[in-house]
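Below is one structure, written out as structure tokens; the observations come after it.
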Amino acid sequence: GNGFPLERSAGKKVFLIGGGIGIPPMLELARELPASTEKQIIVGYRDDQLFLKEDLEENGTVYIATEDGSVGTKGNVLDAIREQNLTADVIYACGPTPMLRAIKEYAAEKGIKCYISLEEKMACGIGACLACVCQSKDVDHHSNVHNKRICKDGPVFLAEEVEL
Ligand code: FES
């Protein structure tokens, strides 16, 4: 599979957005990004079990949203972004599909380049089970359909290229 494109972010302001199981990949990405990147890490948790919070704080400025409102912004990651009036040149995101769908919409509305990781949907990871197929905009040259296998073609896609 591929990874998030790092070279696009040198000297830029980025959002690293992680929800639930999408948080660990964002920590990894924050560690890999160039030092010249301004890293705004927006993470969504269910409650005050803020796993990886200290590690995230070592690698960027952290903004927290919780579903139950116990820490940070009550609501989701986009609520936190709006509440804090944050802006970015590039978005990287990983998490549950409804969250990614909302972020894709937000990025389109704001005209921000947005990369999302769909690894949540993977099963076999080697291209055999087709459990990870998602709808894409362009036609697959091999099968001639609007499909991509996340484990082979992804897991990272430009948000505008995939249907969620
Ligand atoms: Fe099985 Fe992609 S995870 S084909």
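In what follows, every heavy atom counts, from backbone to side chain, and hydrogens, waters and symmetry copies are set aside. Remember, it's 1-based here, ligands and their atoms both numbered in the order they're listed.
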Passing option when Tyr115 is tested against Cys94, Ser9, Pro5 for side chain to side chain contact (heavy atoms under 4.5 Å, CB included)
Pro5
Show the atoms of ligand 1 that are less than 4.0 angstrom away from any heavy atom in Ala128.
4 (S)
With heavy-atom distances below 4.0 Å as the criterion, list the atoms of ligand 1 near Gly125.
1 (Fe), 3 (S)
Under 3.5 Å: donor-acceptor pair, side chain of Ser36, backbone of Gly11:
yes
Any Phe157 side-chain heavy atom under 4.5 Å of Leu118 side chain
yes
For atom 1 (Fe) of ligand 1, decide whether Cys151 has an N, O or S atom at a distance under 2.8 Å.
no
Numbering the atoms of ligand 1 from 1, which are under 4.0 Å from a heavy atom of Gly127?
4 (S)
Is there a donor-acceptor pair closer than 3.5 Å between any side-chain N or O of Tyr45 and the backbone N or O of Phe51?
yes
So, Arg101 and Glu105, do they make that salt bridge, N to O below 4.0 Å?
no
Atom 4 (S) of ligand 1: which protein heavy atom is closest, and how many Å away?
Leu130 N, 3.1 Å
Between atom 1 (Fe) of ligand 1 and Cys132, is there an N, O or S atom separated by less than 2.8 Å?
no
